[in-house]
Amino acid sequence: MRKLMWFTIGFGAACLLAALLYSPWLVLGFGAMMICAGVLVILMKRWEMCKLPFLLVLGCAMGLLWFALYDQLFVTLPRMADGKSLNVSIEAADYSVANKSGISVEGTVVLSDKEYRVKAYLNGNTEIAPGDLLRSTFRFRVTTEGGMQDPTNHRTEGIFLLAYASGSVEVTKAEEVAAKHYPAIWRRQLLDRIHEVLPGKAGDFGAALLLGDRSGITYEMNTAFKVSGISHVIAVSGLHVSIVFGLIYTLLARRRVLSCLICIPVLFLFAAIAGFTPSITRACIMQSLMLIAMLFDREYDGPTALSFAVLVMLAANPLTVLSVSFQLSVGCMAGIFLFSEPIRRYLHRFAESAPIKGKKALERLCKAIASSVSVSLSASIVTTPLVAYYFGCISTVSILTNLLVLWIISFIFYGIILCLLVSIASIWLAQLLGSIIALPVWFVLTIADLLSHLPMAALYTENIYAVVWLIGVYALLAIFLCQRKKMPMLLVACSVFTLLLTFALSWLEPVTDDFRVTMLDVGQGQSILLQSDGKCFLVDCGGDYDEKAADAAAENLLSQGIARLDGIILTHYDDDHAGGVAHLLTRVKSDRLLLPYIPADIQRGLFLAERTDGIVEFISCDREFTFGETRMTIFAPISADSGNESSICILFQRQDCGILITGDRGFVGEAALLASHNLPKVDILVAGHHGSAGSTSEELLNTVDPNYVWISVGEDNRYGHPAEELLQRLEETMCDIYRTDIHGTVIFRR
C-alpha cells in the first residue's frame, strides 16, 4: 500500500474542495476530519482495511488545515488591498509584454513589510526589464475569492494582486540586476537567439518547444495543434524535461553520481528559465527523485514520486490545484501509471500474433509503435475529460498524430540546442544549421495541419451529442474495468461505432430543420448563424476576444459538418462584430464575403478580402438573395461614414418565419430603415448594439412586432448592457427575451 499516495489524494481533494468553495468553515471541516481519523485509528486495531480510509481522511484534514493557514498567512493582506489605490514601488521580475491597452509586467510589491508577487498593467509602451522599479499610484485587485471582482487564474501561479497604474509611472532602471532575475534575462537572450538562427515559423515553433514561449504561435498553428491533439508539444512539460535529462544522462555516460550532481541543478535551472510552470515543476521533482533513487540503489516508485511532487507543489501554493496545467500534468502521469502497462502488454500480444515471425526489424517496429500508442492512449484516458471541459475539444486523431511526430521532437529539441551552442562561435553556421532543423519542424507543422483538417478530426462539446458520447464511453470503460473477463476489442469497437454514430447524428440533425437560426455566445459581441434550404450564412464574428469568437463559430459549424459557408456578412467593422473573421477563415471557408461599403474603414475590408478565396462584395445598395423558399435582404448602410449607424441590416425570411438583425444601429439608423422600407412582422429581432439604451426603439418594436428578442451580450460587461430602459420597452411588448449572458448559445428552429 502506497501510504504517501493515499495521503496525497486526500490532501489534494481537500485543497480542490476548499479552493472551489472557499468556505469560512474550513477549520470546522478540519476538526470533523480529525475526529473521523481518530475513530479510524481505533478501528484499525481490529480491522486492517481501515488504514486506507485513515490515510485519506488524515490527508483531507491536513489539506483543509493548510489551505486555511495559507490563506491567512499569504492572502489576507492582498485581500485587504483589494479596490484600494496605493502609492507604491513595484520591482519588475520579467520583461514587459505589450497588450491592447499598453503593457503588463510581473513583479513584486512590499505591503506591510511582506513581499507579494503582482502583475502590473501600465499605459504606454515603455520597455521594462527585470530589476526596474516602477513608482506610481496603483489601484489593486485581489485575484482570489473574497474580492470585489471575480477571481482570476493568476492565483494558481502565486500572483495574488493585479495593479493598475492610475497616472504616470516613474521608471527607475536597475543599476545592478540581482541574481534572482538572471533566469528571466537568460530566457530573453535565448529567445532572441532562437529567432535569429531559426527561420520564420521554425523560430516561433522552436521558442515554444524549448522555452514555452507561445507569443509567435499563430491562431492557425495553435488550432492545428489543439485539434490534432499535440498541444503539449508547444507547452513545456514532462516531455521536455525527459528530453533534457536524456541528453545530459547520455553525455555523462550514465554515471549515477555525476548525473545526480549535474542533472538536478540543470533541470531546475531549465525550469526557472521556462518559468516554473506546474507541469515542468512536477517533472523536475519526479526526475530528481529518480536520480536520487538510482544513486542510493533504491527502488523508484512512480506513483509515490508523483504523490511527493504534488504534495510539494500544493504545500507551496494550494491554489495550484485549480491550474489547468497542473491538472493535466498530474492526470497524464496518473493515466500512464494506471493503464500504460496493461495496454502495452495487450498490444504486444496482439503484435506477436501477427504473421511477422522472423522479421526482427518489423517486430521491433511493431513493439515500438505499441509502446508509443500505450503511453498516448493511457494518458488520454484521464486527460480527455479535462481537455473537453476546459478547451471544448476532443481530438479523435491525437494518438495517430503523436505516433507520427513525437519521435522527431527529441531531434528537433537537440538540434535547437546545438544551434544555440554553435551560434556562440558563428552565427552564420548556426543559421545554416537552423535551416536544416527547419525541415523536421516543417514536417511536424504539416502533419498537424493535415490531420487537423480531416472531416472527423475532433469532436466539440459545443455539440450535445459529443458530450453524450464522452459520458457513454467512460461508462463503458467503468463497466470494462469491473469485468473479470476483459474484452478490449469489444470496448474499442463500441467506442468507434458510437463515435461514428455521434458524427452522423451531429451532421444530420441540423439538416432536418427547414429554418434554423443560432445566436452564438461570444461574450460582448455578436455572431449569428442563419440556415435555411441548404444554405448557411454567418452574420458577424466578434466578441470579447477575437480567437474566442472564431472558435465559437468554427466549432459550431464543424460540429455540423460544415467546412464551407455560403456567405459571411459583416454588419460593420468594429472588433466586437468583425474581430474574429480573419481567424475563422483559416478554419472555415466562405463562398462570399459581404462587407459594408464604408470608405473610412475600407482598409479593414480589404484586409479581410485578402483572406478569403470567395467572392467579395462591398454593399453600397440593397441586395436580395433568393434560394428555395428563403429570401435574404441586405439593407445597405445609410451613409458612407464610419460608425454604428452605418451598420448593414439583414432580414432573413422563409415562408412565415423571419429574423431581423440591425447591427449596432441606434434610433437614427432604425428610423432611416423604417422610413425607406416596409418591414414585415418577424419572429426574432436581434436587439441593436447589444441591448444599449439608444437602440431597439419603440417604433421598431411596434413595426416588426417580434415574438422573441435576442440580446447578444457579455456577462457583467463594462457597458451595462442590456440597459434597463431597453428591458422595460421589451416588457411592454410582451415578447420573450433571450440573452447570451444568461442562456448561452440560443437556437431557434422550424
Side-chain angles (χ1 to χ4, degrees), residues 186 190 193-194 197-198 205-212 232-274 279-302 305-306 309 329 332-333 336 340 344 360-361 364-365 367-372 374-376 379 402-425 429-430 433-434 436-441 443-444:
W186 294 337
L190 287 171
R193 186 56 58 92
I194 287 172
V197 300
L198 291 175
F205 178 83
L209 175 67
L210 194 69
L211 297 171
H232 58 92
V233 169
I234 52 174
V236 178
S237 61
L239 169 68
H240 305 76
V241 172
S242 63
I243 292 173
V244 173
F245 166 75
L247 175 62
I248 300 173
Y249 193 55
T250 302
L251 292 175
L252 296 176
R254 303 177 184 272
R255 295 173 183 170
R256 291 185 295 178
V257 176
L258 203 57
S259 296
C260 193
L261 292 175
I262 294 178
C263 275
I264 294 177
V266 170
L267 288 178
F268 278 97
L269 176 62
F270 173 62
I273 294 174
S279 55
I280 195 173
T281 304
R282 187 273 309 159
C284 285
I285 294 173
M286 292 183 67
Q287 202 74 64
S288 299
L289 291 175
M290 188 183 75
L291 285 166
I292 294 171
M294 290 170 54
L295 180 64
F296 292 101
D297 287 323
R298 301 295 297 270
E299 182 183 355
Y300 172 77
D301 182 67
L306 175 62
S329 181
C332 177
M333 295 308 302
I336 291 172
S340 179
R344 187 188 64 81
K360 297 296 182 182
R364 286 196 294 270
L365 177 61
K367 288 187 176 182
I369 291 174
S371 297
S372 176
S374 67
V375 171
S376 297
N402 279 275
L403 183 63
L404 291 175
V405 306
L406 281 191
W407 65 273
I408 205 171
I409 294 299
S410 297
F411 295 103
I412 297 174
F413 196 95
Y414 296 148
I416 296 172
I417 292 177
L418 182 60
C419 282
L420 294 174
L421 293 174
V422 170
S423 69
I424 298 174
L429 191 58
L433 184 59
I436 298 173
I437 299 300
L439 296 176
V441 172
F443 170 79
V444 172

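As the structure is a prediction and not an experimental result, all values here were calculated from the model.
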Engineer: Side chain to side chain contact (heavy atoms under 4.5 Å, CB included), that's the test. Do L251 and L247 meet it? Break it down for me.
Structural biologist: CA-CA 6 Å; L251 292 175; L247 175 62; 4.0 Å; yes
Engineer: Is there a donor-acceptor pair under 3.5 Å between the side chain of Y414 and the backbone N or O of I243?
Structural biologist: yes
Engineer: List the atom of A379, the atom of I336, and the distance in Å for their closest heavy-atom pair.
Structural biologist: CB-CG1, 4.2 Å
Engineer: Before giving the answer on side chain to side chain contact (heavy atoms under 4.5 Å, CB included), spell out for V441 and L209 the whole-Å C-alpha distance, their side-chain angles and the decisive distance to 0.1 Å.
Structural biologist: CA-CA 10 Å; V441 172; L209 175 67; over 6 Å; no
Engineer: Starting at CZ of R193, measure out to CD1 of I424 and round the result to the nearest 0.5 Å.
Structural biologist: 7.5 Å
Engineer: Looking only at atom types and distance, does a side-chain atom of S372 sit under 3.5 Å from a main-chain N or O of I369, one as donor and one as acceptor?
Structural biologist: no
Engineer: Nearest 0.5 angstrom please: S237 OG to M333 CE, how far?
Structural biologist: 10.5 Å
Engineer: Under 30°, 30 to 60°, or over 60°: which ring-plane class applies to W407 and F411, parallel, tilted or perpendicular?
Structural biologist: perpendicular
Engineer: Can you measure from CD1 (I412) to SG (C419) and round to the nearest 0.5 angstrom?
Structural biologist: 11.5 Å
Engineer: Take N402 and V233 through the test side chain to side chain contact (heavy atoms under 4.5 Å, CB included) and record every step on the way to the result.
Structural biologist: CA-CA 10 Å; N402 279 275; V233 169; 5.6 Å; no
Engineer: Locate the shortest heavy-atom distance separating A305 from M286; write the atom from each residue and the value.
Structural biologist: O-CG, 3.8 Å
Engineer: Name every donor-acceptor pair, under 3.5 Å, that has one atom in a side chain of residues 253-270 and the other anywhere in the protein, sequence neighbours excluded.
Structural biologist:
unit_1: R256; atom_1: NH1; unit_2: M294; atom_2: O; d: 3.1
unit_1: R256; atom_1: NH1; unit_2: D297; atom_2: OD1; d: 2.3
unit_1: S259; atom_1: OG; unit_2: R255; atom_2: O; d: 2.6

Engineer: Passes side chain to side chain contact (heavy atoms under 4.5 Å, CB included), L433 versus V197? Steps please.
Structural biologist: CA-CA 8 Å; L433 184 59; V197 300; over 6 Å; no
Engineer: I need the I194 CD1 to L211 CG distance, nearest 0.5 Å.
Structural biologist: 5.0 Å
Engineer: Do you know which two heavy atoms are closest between M290 and Y300, and how far apart they sit?
Structural biologist: CA-CD1, 3.4 Å
